[in-house]
Amino acid sequence: MTHDERSRPPVHALLADGTTACIRAVRLDDHSQLRGLYEEMSPANLRLRFFAASRRSAVQAADRACAAPRPGYRALLAESKDQIIGLAEYERTDEPETAEISLAVAEGLHHRGIGTLLLEHLVSAARADGITAFTADALAENHEVLKVFADLGLRTARRFDGPELRCTIQLEEDETYLTAVEARGSTADVASLKPLLRPGSIAVVGAGRKAGSVGRAVLRNLRTGVFTRQLFAVNPSVSSLMSVPAFPSVAALPQVPDLAVLAVPARALPTTAEECGKAGVRALVVVTSGLDAAEAHALLTACRRYGMRMVGPNCLGISNTDKELSLDSTFAARHPRRGTAGVAVQSGGAGIALLDGLSRLGLGVSSFVSLGDKYDVSGNDLLQWWECDGVTDLALLHLESFGNPRAFSRTARRVTRRMPVLTVDAGRTDAGRRAAGSHSAAAATRTMTRQALFTQAGITATRTIGELLETAALLRSQPAPTGNRVVIVTNAGGAGVLAADACAEAGLALPPLPADLVDDLLDVLPEGASTANPVDATAAVTEEQLKNCVDRLMRHGGIDVVLVVPVPTAVAAATGEDLVRALTGGPARRTRTVAAVRLDQALPVRLLPATGGGSLPAYADPQAAARALAHSVRRAQWLARPPGTVPALAGVETQHAHAVAETWLARHPEGGCLDPRACAELLACYGIPQLPWAWAETENEAVSAAERLRGPDCRVVLKAHWPGLLHKSEQHAIHLDLQGDAHVRAAFRDFETRFAGLLTGVVVQPLAERGTELFAGVVQDEVFGPLVLFGLGGTATELLADQAARPAPLTDLDVHDLITSPRCAPLLFGHGGSGPVDLEGLEQLLHRLSRMACDLPQLVEAEFNPVLAWPGGTTALDVRVRLLPRTAHDPYLRRLR
């Protein structure tokens, strides 16, 4: 452990019971507390830890942990409220990739996940240090520590050595381990949110006497919403507010509230939060806005010190409509309607719009959280809460920023298999991103990156709040379609045309009806009906005929969705027919997706109650209906796919790659683009194919290299190089199709003349055979981590922008999507009769590029352009890799924001 490691900032994380622990490196001044940690252990626990009950072991252990930094040793401790509650250590053995570990947890604090959390952080640190295995000795009777090792999710082997067990733990991060960490994190997360979303008591701090104050509005909503548990106000000027008992301070309350809602001025927030923490408050909702940097830091520090979860600041508040709780601690104008939709928003205005829309639809909410500036509680936390609350069956998000996108993606992929998860894709434009950044004080996310995350995680991303509500109405009321085949039924031909255009534009299919179905429909429809798609039932259709038509369509196996467009006519009015009743009078829950378009409807979307229960979504606009149906189809397709897997790759030399990056950055501490030799060495570590090449710094070297590399057609390519050169074609820094020594010499001299003072050398390569030019690359996003891009390559890459993207690490399904999504995809599968390219080689290249991006945090950008693909192979022709000095960050390590 070095001095730098001791000065690293602490990390806060949740224990199994929802309380917070601080994980940090051991400092010299921890000696007395560490000695006390061991001295307070029972003789039995001392024997299990040291194989003897000697009290001298306590001093020796504290001396060891607090000794001067030494290579190969690391110690991490856990503390809660400034008290050390656990210690984990490792020290390298004679085998350089193996370290021996030890673990200690404070007396009386077992079974709270302290040891497991410490080990997770120790595993992450060890991996970064190049350690691949832990060893540990334990008495065979020490069942608790053996269970901790076994439950980590890592491959563990045991070997008896007398009364002791020798455990060897392999530190490979695979899906089993990540799933185990994720499950532990979810349990801790849900436990930490109970004081927030199911509090036994609430105090509103800053509830004023003025009718227009925010604190008073929150208190009024809690009171008029009939909060069923203890409610207090904190105001030093009165003894009662709105019939709620008031007290001068948090410390003066007759009992410690689980939740405190803070509506005090920004300058008073740090002191108020500190007071809450000292009193034992478990959670805060901070509605105050306008904090400066010092106030924000002090507020979050108080929350971390005392283990309080926090929503906000700058938020609308929270609600939980559970009838046994009836919690509404918002300052919204109306109470939310009880229902089953979970809602999390950063914007208070978006939150009010969603609450009103869900109430109007009759869906209501289970719980609502206005995240505001999102210092702590995030959308990821809420997804895990809704997954376990037993009520929520629909999750709606309006997020302007992301804290830990890779953890969010894993959580969303799990949750969205149980319920639809919808979001508004806010900040799609430069102006929108600037507004999101200034509004939520968080980093705005690039559109392509965000959309790639949503697609990978199975999240339904809409463009507006209205579209979100329209889609939620369909997903909540109708079964998922099994495909995208839509049949439109109408009693007015023009309305059918509008609906057909909308469906086609949304990517839905309108197949012609098979002969057997045509005959079936003609039996029940009036004379003159058209059974093309759309089906024109004519103005003469009756309620019964329309019902029979829809029912027969529903029974046919070649149809996935029926969209009915009933137009009110004088004919129907004269006979008292209600065509809408033909849809709502049948079974409530049909086996196929059904929706209606009512062009005379005032509201954008309504849920029409069915006589047998359930409801039918009705839209005022065919385009709204088509958008919602398309979202439902995409969700069904995502659910039908098996979860992807990240394949194991042969021939990857991760440690060598780290050495290449570190060596280059040691020579170029400011970072930059690798030279061709370092670039080739790095790609070789991952088995990424490159065309043979040679480096030449003189004319004669270029000629010699060309003689060695010439292929059967005796032609080579010369590419100029100097640091900072980006686009060779634009700079005319490449000569193609060079035959013979004279051409090579002439090309080299041309570079020397035109690029005098810049040129550092040339790359010589054989002329590549014909193939499809593609682009593959990586961009390391500051928020999202590495993003892999793929699409059409060559000189038109930027102009045509025909690219798809997915966050790394790539699964097999991600790679399939990358290859098939761009518009150029048909070229790869033999369009034009040329035969498919080397798809397996292309898949391997993308997987290996993904692995390189995940392994190397210093890799901020990589561009393979072009990648040449042909039936016989795949190779990168031109490669640019840019590195910056960056520290590895484990995206899956459990920690609070």
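Computation of the quantities below employed the complete heavy-atom set of this structure, encompassing side-chain atoms and omitting hydrogens, waters and symmetry-equivalent molecules. These figures come from a predicted structure and were not determined experimentally.
Minimum heavy-atom separation, Leu789 to Leu787: CD1-O, 3.5 Å. In plain terms, the two heavy atoms of Cys824 and Asp802 that are nearest each other are N-OD2, 2.9 Å. Of all heavy-atom pairs spanning Leu510 and Ala504, the tightest one is CD1-N, 4.3 Å. The shortest non-hydrogen separation linking Val633 to Gly483 is CG2-O, 3.5 Å. Taking every heavy atom of both residues into account, Pro809 and Asp814 meet most closely at O-OD2, 3.9 Å. In plain terms, the two heavy atoms of Pro857 and Gln780 that are nearest each other are O-NE2, 4.2 Å.
By the 4.5 Å heavy-atom criterion applied to side chains, Thr820 and Phe829 are counted as neighbours. Side-chain contact between Phe790 and Leu845 is absent, with no heavy-atom pair separated by less than 4.5 Å. You'll find the side chain of Arg410 reaches within 4.5 Å of the side chain of Leu178, heavy atoms only. Side-chain contact check for Val778 versus Leu859: some heavy-atom pair is nearer than 4.5 Å. Taking the side chain as every heavy atom from C-beta outward, Asp838 and Trp870 never approach each other to under 4.5 Å. Side-chain atoms of Arg406 and Pro786, non-hydrogen and from C-beta on, do get closer than 4.5 Å to each other. Side-chain contact between Val717 and Val764 is absent, with no heavy atoms from C-beta onward closer than 4.5 Å. Using a 4.5 Å heavy-atom cutoff, the side chains of Pro822 and Leu792 are not in contact.
One distance of note links CG of Leu513 with CZ of Arg485; it measures 11.5 Å at 0.5 Å rounding. Expressed to the nearest 0.5 Å, how far CG of Asp737 lies from CG of Leu718 amounts to 12.5 Å. Interatomic distance, Asp621 CG to Leu498 CG, rounded to the nearest 0.5 Å: 9.0 Å. Rounded to the nearest 0.5 angstrom, Leu383 CG and Leu397 CG are separated by 5.5 Å. Atom-to-atom distance recorded for His847:NE2 and Thr811:OG1 is 7.5 Å, nearest 0.5 angstrom. Expressed to the nearest 0.5 Å, how far CG of Leu508 lies from CG of Asn484 amounts to 6.0 Å.
A donor atom on one side chain and an acceptor atom on the other are not found under 3.5 Å apart for Asp750 and Thr753. Inspection of the Arg806 and Ser850 side chains reveals no N or O donor paired with an N or O acceptor under 3.5 Å. Gln844 and Arg848 form a side-chain donor-acceptor contact under 3.5 Å, judged by distance and modelled atom types alone. Neither side chain, Trp664 nor Glu662, offers a donor N or O lying under 3.5 Å from an acceptor on the other. For the residue pair Gln478 / Thr593, no side-chain donor-acceptor distance below 3.5 Å is found, with atom types taken as modelled. Between the side chains of His631 and Glu467, at least one donor N or O lies within less than 3.5 Å of an accepting N or O.
No more than 12 heavy-atom neighbours from other residues, nucleotides or ligands sit within 6.0 angstrom of CZ on Arg418. Residue His658 qualifies as enclosed at atom NE2: its count of foreign heavy atoms under 6.0 Å is above 12. Crowding of Glu840 atom CD: a count of heavy atoms from other residues, nucleotides or ligands under 6.0 Å not exceeding 12. Annotation: His816, atom NE2; neighbour count of heavy atoms from other residues, nucleotides and ligands within 6.0 Å does not exceed 12.
Ion pair Glu863/Arg882 not flagged as a salt bridge, since none of the NZ, NE, NH1 or NH2 atoms sits closer than 4.0 Å to an Asp/Glu carboxylate oxygen.
Note: Trp722 and Phe755 have tilted aromatic rings, judged against thresholds of 30 and 60 degrees for the angle between ring planes.
Using a distance-only test at 3.5 Å, with no hydrogens or angles considered, no donor-acceptor pair links the side chain of Asp501 to the main chain of Gln623. Between the Tyr619 side chain and the Glu470 main chain, a donor and an acceptor come within less than 3.5 Å of each other. Between the Ser632 side chain and the Ala480 main chain, no donor and acceptor come within less than 3.5 Å of each other. Proximity of a side-chain donor or acceptor of Asn865 to a complementary backbone N or O of Asp878 within less than 3.5 Å is not detected. For the pair His556 (side chain) and Gly558 (backbone), a donor-acceptor distance under 3.5 Å is present. Using modelled atom types, one side-chain atom of Thr416 and one backbone atom of Gly458 make a donor-acceptor pair closer than 3.5 Å. Here the side chain of Thr462 pairs a donor or acceptor atom with the backbone of Thr423 at under 3.5 angstrom.
Residues His735 and Phe748 place their aromatic rings such that the two centres sit no closer than 6.0 Å.
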Legend entry - Gln765 vs Leu709, side chain to side chain contact (heavy atoms under 4.5 Å, CB included): CA-CA, chis, key distance, verdict: CA-CA 7 Å; Gln765 289 179 307; Leu709 293 172; 5.6 Å; no
Inset, instruction - Please test Arg450 against Asp425 for salt bridge (Lys or Arg N to Asp or Glu O under 4.0 Å), starting from the C-alpha separation and ending with a verdict. - result: CA-CA 8 Å; Arg450 191 176 53 251; Asp425 188 8; 2.4 Å; yes
Inset, instruction - List the steps and the verdict of side chain to side chain contact (heavy atoms under 4.5 Å, CB included) for Val716 and Val744. - result: CA-CA 8 Å; Val716 295; Val744 173; 3.9 Å; yes
Inset, instruction - Go through the steps for Thr411 and Glu182 under the test side chain to side chain contact (heavy atoms under 4.5 Å, CB included), then give the verdict. - result: CA-CA 8 Å; Thr411 300; Glu182 191 176 18; 4.3 Å; yes
Legend entry - Steps toward side chain to side chain contact (heavy atoms under 4.5 Å, CB included) verdict (Glu175, Thr645): CA-CA 8 Å; Glu175 186 62 26; Thr645 58; over 6 Å; no
Review item, side-chain donor-acceptor pairs of residues 673-685, under 3.5 Å, at least two apart:
from: Asp675; atom 1: OD1; to: Arg677; atom 2: N; distance (Å): 3.0
from: Asp675; atom 1: OD1; to: Ala678; atom 2: N; distance (Å): 3.0
from: Glu681; atom 1: OE2; to: His656; atom 2: NE2; distance (Å): 3.0

